[in-house]
2 protein chains.
Amino acid sequence: MPDMASSERVTSIWDIARITGVSHQTVSRVINGKTNVKASTRELVLRTIEEHGYTPSTVARALAGGTARTLTVLTVNTELYGCAATLRGIEEAARLAGFTVAISVLEPGAARTARDVEARLGNPRTPAIVIAFESAGVRALSALNALSDDSPVVGVVERPDSQAAAMAADPTRVWIDDRSAAAHATGQLLGLGHETVHYLAPPSSTAQLGQRGLGWQETLVAAGRRVPDPVDCEWTPRAGYLAGRELLVDPAVTAVLCGNDDLALGVLHAARERGRAVPDTLSVVGFDDAPHSAYAAPTLTTVRMDFEGLGRAAFARLHSLLEPEAPALPTLWEEPELIVRESAGPLRRTV
Amino acid sequence: MPDMASSERVTSIWDIARITGVSHQTVSRVINGKTNVKASTRELVLRTIEEHGYTPSTVARALAGGTARTLTVLTVNTELYGCAATLRGIEEAARLAGFTVAISVLEPGAARTARDVEARLGNPRTPAIVIAFESAGVRALSALNALSDDSPVVGVVERPDSQAAAMAADPTRVWIDDRSAAAHATGQLLGLGHETVHYLAPPSSTAQLGQRGLGWQETLVAAGRRVPDPVDCEWTPRAGYLAGRELLVDPAVTAVLCGNDDLALGVLHAARERGRAVPDTLSVVGFDDAPHSAYAAPTLTTVRMDFEGLGRAAFARLHSLLEPEAPALPTLWEEPELIVRESAGPLRRTV
DNA sequence: GTCGGGCATGTTATCGCTCCCGCGTGAGCT
DNA sequence: AGCTCACGCGGGAGCGATAACATGCCCGAC
């Protein structure tokens, strides 16, 4: 490695200034698109930059207190479809706006104090987006909010903290209304003739049933059906399989709503193992519409969630928090939609 | 609560110094664990820090030329299992070492010049890991290498640039030897009695067949079998489905090796549609062992890849590049392993 | 006794950039 | 002619940290 010879300092704004024959300030004005620069001077500076390959240091920029254009995403797991897709949405929007995106994974187990989270950001005022679909995220989010009440933090949450926050359209929170989607899915299953619907509950942001679970519950209650105990699960297909294996010994279980698609795949697997034909003797509905769900066997009926749109919206919120006069990006995302495929249908045979 | 009024400035090293009654340099020594500080002074400073909630600014640190402890991961798609898992491995190792991880997604289409990539990093000398499984990544990697020959960049690649690099154990590259794994999988399929094996080729890092494809090809050639044209595909299940639908009209196609699990799921779907029983009339083998592959129907025979280990190793390489005397982290990862499940087996019936 | 050397600490320079302020110039107004 | 003021531009002060150097101090060695 020939690294001895190269004490090469990267070209800085001063180098460009010296070469062009102007002050560093003028160079700064040019690269920031300020107006008070003569066109010819601007041209000259630009050419020098082009020739010498200069890139402004984001680090120095951030230190100097200019617009930081950096944000940190706190999330639990980059492999989970929901998180990954949201992250993708955030990154895409951020990159387009010239932001650098840092990520930091929250281990579900670790108790996160405000100090811990602060250390992640390297600076308490670093803009952040917290993907808070479950408790570790929620803890981190409230820790950040407690740290300073005006810190630029946007939460991607399961639901707003309060009715009031939802009504006031709290600009620091975005969420997908999956409660009504779950209600819709549950209603659909009941409409197919199922006596009741069982629910596999992934970790929620609260100790209680999550929004999806609530939508399921309220639909059953409204229809006067028996509400089975929800089954607590991890996010994995394996968890769905294990839960399914227990659940499906009971022939009365004919419809299962799963908190996400991975769980649903696990249940389908358990159904195969138990010899329960899907959808003839068992209906399974998932959540998320992960890319492979359309190719499961049977293809999975699921609720499509616009995570990327959600991520883009989260960034848009953060951006307008940071730079109020910034061009407003689209801050909307699609409502969840039930995608009907093969895994749910009317009962055709008894078990 | 130090500041209830929003005086907006974060506590800095100077504040701590002033409060404790020492110089800022001493505080710096304490937070960096330097030795030349009296125990009592250290204690004092530490307590002040604790009480006032101070976090060193990573930004200022980076500017000051100290160990930057920041790295950028360049990748194509955070949703793809291989990339996501590798990213997870990198992030985990980096976080443990106190590094901040930034990510930047490379759009496959865009032509990436060195300047483009440089702009992503905010500074040409920013440490980076490029996940270069396909061409966009490879382009970015070579652009970075061209920029400066000693920049701290590690590539997670499909294979080493040259035999020489592989022999010399180039510390700036990590890769999984999936060529022999593909060969093994192909051999396995031939051993089951298949006349030949077809291959669905995902985008490779070169214009040619990727390593997986080469392993497949050389095995067929060595066995004196006909080598069918590989079918070029995207990474998606949909691509696998479309390719499968065309391929499976030919009853002579009895074994398909797929460049990743998503493709394999698509092929399984196409098989179902065409009424081809798996594995009795068709064997399908995937690559990656994504979490849901074990729960596909039929469960997917696939090659397990230790992407997280690979990611950890990539970080370890980068770390030792940056701080030669840093504690050496484990830089090994598991070799790929064929996981035999239901989707591959001997021909039992003719179509 | 004096000198050299480690130790604990303070002082100053520097990193690359942005902000604030000030200076000259020429156009436009009175 | 005098005054203002926008324009184009430069000078210097930070931002929060680290690095290099400087300073006392105490202690053992010659």
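None of the values given here were measured: they were computed from a predicted structure. Throughout, protein chains are lettered first and strands after them, A, B, ... in sequence-line order, and every chain is numbered starting at 1.
- Regarding B/Glu43, its CD atom lies at a distance of 15 Å from the P atom of C/dA8, rounded to whole Å.
- Between the C1' atom of D/dA19 and the CD1 atom of B/Ile13 lies a distance of 12 Å, rounded to the nearest Å.
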**Study point:** B/Val105 vs B/Asn77, side-chain contact (heavy atoms from CB on, under 4.5 Å): CA-CA, chis, key distance, verdict
**Key:** CA-CA 6 Å; B/Val105 172; B/Asn77 184 337; 5.7 Å; no
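- Side-chain atoms of B/Trp175 do not come within 3.5 Å of backbone N or O of B/Leu310 as any donor-acceptor pair.
- For the pair B/Asn36 and C/dG6, the criterion of a side-chain N or O lying under 4.0 Å from OP1 or OP2 is not met.
- Salt-bridge formation is not detected for the pair B/Glu107/B/Arg139: no Lys NZ or Arg NE/NH1/NH2 atom is positioned less than 4.0 Å from an Asp or Glu carboxylate oxygen.
- Using a 4.0 Å heavy-atom cutoff across all strands shown, A/Thr26 reaches sugar-phosphate atoms only and no base atom.
- A donor-acceptor pair is defined here as one N or O able to donate and one able to accept, closer than 3.5 Å; no such pair exists between the side chain of B/Glu79 and the backbone of A/Arg88.
- Evaluation of atom-type donor-acceptor distances gives a pair under 3.5 Å for the side chain of A/Arg29 against the base of D/dG10.
- Within the nucleic acid shown, B/Val22 comes within 4.0 Å of sugar-phosphate atoms alone, with no base atom in reach, counting heavy atoms only.
- Among the heavy atoms of the strands lying under 4.0 Å from A/Thr41 are primed sugar atoms or P, OP1, OP2 only; no base atom is included.
- For B/Trp14 and D/dG16, the CH2 to P distance is 11 Å, given to the nearest whole Å.
- Distances were taken from every side-chain heavy atom of B/Arg61 (C-beta onward) to each of D/dT18, C/dT18, D/dG16; the shortest belongs to D/dT18.
- Phosphate proximity of C/dG10 to B/Ser23: present, with a side-chain N or O under 4.0 Å from OP1 or OP2.
- Heavy-atom nearest nucleotides on DNA chain C were determined for B/Arg42 and for A/Gln25, and the one closer to the 5' end corresponds to B/Arg42.
- The distance from atom CD1 of B/Ile31 to atom C1' of D/dA19 is 14 Å, rounded to the nearest whole Å.
- For B/Ser28 and D/dT18, the shortest distance from a side-chain N or O to OP1 or OP2 is below 4.0 Å.
- Note: B/His24 and B/Trp14 have parallel aromatic rings, judged against thresholds of 30 and 60 degrees for the angle between ring planes.
- Regarding contacts with the backbone of D/dA19, a side-chain N or O of B/Lys34 is found under 4.0 angstrom from either OP1 or OP2.
- Which of C/dG16, D/dA17, C/dT18 sits closest to the side chain of B/Tyr54 comes down to D/dA17.
- Side-chain contact, A/Thr72 with A/Thr126: no donor N or O sits under 3.5 Å from an acceptor N or O.
- Remark: P of D/dG8 and CG of A/Asn32 are 17 Å apart, rounded to the nearest angstrom.
- Between the CG atom of B/Asp15 and the C1' atom of D/dG14 there is a distance of 14 Å, rounded to whole Å.
- In this structure, the nucleotide among C/dT9, C/dC17, D/dG16 sitting nearest to the side chain of B/Lys38 is C/dT9.
- A donor and an acceptor atom sit less than 3.5 Å apart, one in the side chain of B/His24 and one in the base of D/dT18.
- The separation between A/Leu63 atom CG and C/dT14 atom P is 17 Å, rounded to whole Å.
- The nearest whole Å value for the distance from the CZ atom in A/Arg18 to the P atom in C/dC17 is 13 Å.
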